[in-house]
Enquirer: 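Right, I'll just put the structure down here and ask away after.
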Amino acid sequence: MREPDGDTLLFFDGHPDALEVYRAFEELLCGAFPNVNKRVQKTQITFYNRHVFACVSFARVKRKAELPKGWMTLTLGLPAPLESPRVALKSEPYPGRWTHHFVLSRPEELDAELMAWVEEAYAFAESK
């Protein structure tokens with residue numbers, strides 16, 4: 001697993017327990033999509049091809065008491081709503097684009113189902 005860059009480490013400065021799941025996510029993402037681009041901002045890390053398809057943040061999409069230790073929020077943009085208990089929150093900011101938020105805290109949660117949704121978000125962003 002490659003070492004995170006300085007901007008990424010700074011982003012996780014206040015949330016060091018979430019760094020492990022993030023590193024596993026970035027490793028899977030870069031392995032699946034070698035041409036993915038990353039931009040570290042103050043409130044989120046954005047992944048994009050032609051357009052943004054995934055973001056990592058600490059957006060609180062569940063009540064504080066429901067959040068596990070070492071959590072982060074993964075946000076994906078998809079063409080249709082997902083019906084899954086894994087989706088913490090979803091919205092349709094404009095017709096034909098659904099934003100889905102997932103709370104992740106363990107590398108094991110980065111399973112085939114979640115990565116299939118990431119792949120769908122990547123393809124959706126690429127097709128715009």
Enquirer: Check whether any side-chain heavy atom of Phe33 sits under 4.5 Å from a side-chain heavy atom of Asn49, and report yes or no.
Expert: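 A side-chain contact under 4.5 Å is absent here.
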
Enquirer: Above 12 or not: heavy atoms from other molecules or residues under 6.0 Å from CD of Glu126?
Expert: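 It does: Glu126 CD has more than 12 such atoms within range.
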
Enquirer: Side chains of Pro4 and Leu9: closer than 4.5 Å at any heavy-atom pair?
Expert: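 With C-beta onward as the side chain, the pair touches.
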
Enquirer: Does any non-hydrogen side-chain atom of Pro107 lie less than 4.5 Å from one of Glu20?
Expert: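 Yes, side chains in contact.
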
Enquirer: Rounded to the nearest 0.5 Å, how far does OH of Tyr122 lie from OG of Ser127?
Expert: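 Output value for this atom pair is 11.5 Å.
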
Enquirer: State, to 0.1 Å, how close Phe47 and Val56 come at their nearest heavy-atom pair, and which atoms those are.
Expert: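 Scanning both residues, the minimum pair turns out to be CE1-CG2, 4.1 Å.
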
Enquirer: Might you point out which heavy atoms bring Arg97 and Phe124 nearest each other, and give the distance in Å?
Expert: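 Closest approach of Arg97 to Phe124, heavy atoms only: NH1-CE2, 3.9 Å.
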
Enquirer: Just by modelled atom types, is the Ala59 backbone N or O under 3.5 Å from a matching donor or acceptor in the Thr73 side chain?
Expert: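 Yes: the side chain of Thr73 pairs with the backbone of Ala59.
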
Enquirer: Keeping the roles fixed (side chain from Arg60, backbone from Leu67), state whether a donor-acceptor pair exists under 3.5 Å.
Expert: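 No, Arg60 side chain to Leu67 backbone: no donor-acceptor pair under 3.5 Å.
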
Enquirer: Nearest 0.5 angstrom please: His100 NE2 to Ser84 OG, how far?
Expert: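 The OG atom of Ser84 is 9.0 Å from NE2 of His100, to the nearest 0.5 Å.
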
Enquirer: Determine, stepwise, if the pair Leu82 / Phe102 fulfils side-chain contact (heavy atoms from CB on, under 4.5 Å).
Expert: CA-CA 11 Å; Leu82 291 177; Phe102 303 85; 3.9 Å; yes

Enquirer: If I take atom OG1 from residue Thr46 and atom CG from residue Asn37, how far apart are they, to the nearest 0.5 angstrom?
Expert: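 Thr46 OG1 to Asn37 CG: 11.0 Å, rounded to 0.5 Å.
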
Enquirer: Check Gly70 against Val21 and note the closest heavy-atom contact, atom names and distance.
Expert: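 For Gly70 and Val21, the tightest heavy-atom pair comes out as O-CG1, 4.3 Å.
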
Enquirer: Under a 3.5 Å distance rule, please check whether Glu92 uses its side chain to pair with a backbone N or O of Gly96 as donor and acceptor.
Expert: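 Yes; judged by distance alone, with no hydrogens or angles, the pair exists.
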
Enquirer: Hey, what do you get for CE (Met115) to CG (Leu28), rounding to the nearest 0.5 Å?
Expert: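 CG of Leu28 is found 5.0 Å from CE of Met115.
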
Enquirer: So Trp71 and Val61, side-chain contact (heavy atoms from CB on, under 4.5 Å) or not? Walk me through it.
Expert: CA-CA 11 Å; Trp71 65 276; Val61 295; over 6 Å; no

Enquirer: Rounded to the nearest 0.5 Å, what separates atom OH in Tyr22 from atom NE2 in His15?
Expert: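 Rounded to the nearest 0.5 Å, the OH-NE2 separation comes out at 14.0 Å.
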
Enquirer: Using 4.0 Å as the upper bound for N to carboxylate O, is an ion pair formed by Glu83 and Lys90?
Expert: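 The answer is yes: the pair qualifies as a salt bridge.
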
Enquirer: Do you know which of Glu26, Lys38, Arg23 makes side chain to side chain donor-acceptor pair (under 3.5 Å) with Thr8?
Expert: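 Answer to the side chain to side chain donor-acceptor pair (under 3.5 Å) test with Thr8 among Glu26, Lys38, Arg23: Lys38.
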
Enquirer: Could you tell me which non-hydrogen atom of Gln44 sits nearest to which non-hydrogen atom of Phe11, and how far apart they are?
Expert: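 Heavy atoms only, the tightest pair is N-CE1, 3.4 Å.
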
Enquirer: Passes side-chain contact (heavy atoms from CB on, under 4.5 Å), Leu114 versus Leu74? Steps please.
Expert: CA-CA 10 Å; Leu114 184 75; Leu74 172 64; 4.1 Å; yes

Enquirer: To the nearest 0.5 Å, how far apart are OG1 in Thr75 and CD1 in Ile45?
Expert: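 Rounded to the nearest 0.5 Å, the OG1-CD1 separation comes to 12.0 Å.
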
Enquirer: So Arg86 and Asp111, do their side chains get closer than 4.5 Å, heavy atoms only?
Expert: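 Asp111 reaches Arg86 side chain to side chain.
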
Enquirer: Evaluate side-chain contact (heavy atoms from CB on, under 4.5 Å) for Phe53 paired with Val118, printing each intermediate quantity in order.
Expert: CA-CA 8 Å; Phe53 67 91; Val118 172; 4.2 Å; yes

